[in-house]
Amino acid sequence: MTGSAAGADTRTKLLEGALRTLAAQGIAKTSARSVAASAGVNQALVFYHFGSVDELLAAACRYGAEQRVARHRDRLAAVTTLAELLRCGRELHEEERAGGHVAFLAQLLAGAQTQPRLAPATAAGLDLWTAEIETVLTRILADSPLGEFTDPVGLARAVTGAFVGLEMYEGVDPAGAQRAFEALEQLAELAAVLDELGPVARRAVRHRLRRTGRA
């Protein structure tokens, strides 16, 4: 293996080690030593490749989000309704939670409150998810009565924030988190009913929504 290839391999090991360590131990216990131990390398390499633990965590956030979004991109592209999007989102949440990936983002969000250097990378990682969701929402709302009254950009951020926030909430109130998911699914079913209305009823809904908006 050449020097550059070996260096790239070490960087990847450190990034993946940081993901595992932060998800398993939380940000308070994540250090150069613990990440290096998880990665199976000398802890001096953390500083050689990234300069600091914060920089490593920032890079790991971007790396992890890129890996996870790429994994699910085709699945999200197949979604055609809001109800499908929420069902897909719930399945992805369970899968990502089981793998520790949602916990990783939640820990970085918590850490960014007191370590501002983590904030830009954490936001960038979340934005990768948000961009995918925004693309889906823009597509599926285009022909819906809700389309002209709903901001897909803001809604995508609300969805991203809700799913990460529910990871933290679930840890203290699993039953409450379950009810939150169910409430979101009920809203999606309501949107599905609106989508199934005939042309006359859809015009009436749009007229009512426009009047409400003017009021």
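Atom set for the values below is all heavy atoms of this structure, side chains included, hydrogens, waters and symmetry mates excluded.
How far OG1 of T81 is from CG of L86: 9.0 Å, rounded to the nearest 0.5 Å. To the nearest 0.5 angstrom, T122 atom OG1 is 8.5 Å from L57 atom CG. Atom CG of residue L118 and atom CD of residue Q113 lie 10.0 Å apart, to the nearest 0.5 angstrom. In this structure, the separation between OG on S38 and NZ on K13 is 11.5 Å, given to the nearest 0.5 Å. The CG atom of L76 sits 7.0 Å away from the CD1 atom of I133 when rounded to the nearest 0.5 Å. The distance from the CG atom of L14 to the NE2 atom of H49 is 6.5 Å, given to the nearest 0.5 Å.
Side chains of Q186 and E182: no donor on one and acceptor on the other come within 3.5 Å. For R157 and T130, the side-chain atoms include no donor-acceptor pair closer than 3.5 Å. Under the 3.5 Å distance criterion, with hydrogens and angles disregarded, a donor-acceptor pair is assigned to the side chains of T80 and E84.
Residues L82 and L137 form a side-chain contact, since some pair of their non-hydrogen atoms from C-beta on lies under 4.5 Å apart. Looking at L126 and L109, their side chains come closer than 4.5 Å, going by heavy atoms from C-beta outward. Here the side chains of T12 and E16 are in contact, with some heavy-atom distance below 4.5 Å. With a 4.5 Å cut-off on side-chain heavy atoms, Y48 and Q43 do not count as touching. Counting heavy atoms from C-beta on, the side chains of R75 and L92 come closer than 4.5 Å.
Heavy-atom contacts from other residues, nucleotides or ligands closer than 6.0 Å to CZ of F47 number more than 12. Around CZ of R179, the count of heavy atoms belonging to other residues, nucleotides or ligands within 6.0 Å does not exceed 12.
For Y63, there are no ring-ring contact (aromatic ring centres under 6.0 Å, His included) partners, not counting sequence neighbours.
Across every non-hydrogen atom of L128 and E66, the tightest pair is CD1-CG, 3.6 Å. Considering every non-hydrogen atom in both L108 and C61, the closest pair reads CD1-CB, 3.3 Å. V79 approaches L85 most closely through the heavy-atom pair CG1-N, 3.5 Å. Taking each heavy atom of F50 and E55 in turn, the nearest pair found is O-CB, 3.1 Å. The shortest heavy-atom contact between V172 and P174 is C-CD, 3.8 Å. Listed here is the closest heavy atom pair of R62 and A121: NH1-CB, 3.5 Å.
Residue pairs meeting the side chain to side chain donor-acceptor pair (under 3.5 Å) criterion with at least one member in residues 23-35, sequence neighbours excluded, are S31-S34.
With respect to the salt-bridge test (charged N to carboxylate O, under 4.0 angstrom), the residues R71 and E95 qualify.
Within the 3.5 Å criterion, the main-chain N or O of A77 finds a donor-acceptor partner in the side chain of R139.
Checking each of V53, L22, T21, L15 against V35 for a side chain to side chain contact (heavy atoms under 4.5 Å, CB included) leaves exactly one that passes, namely T21.
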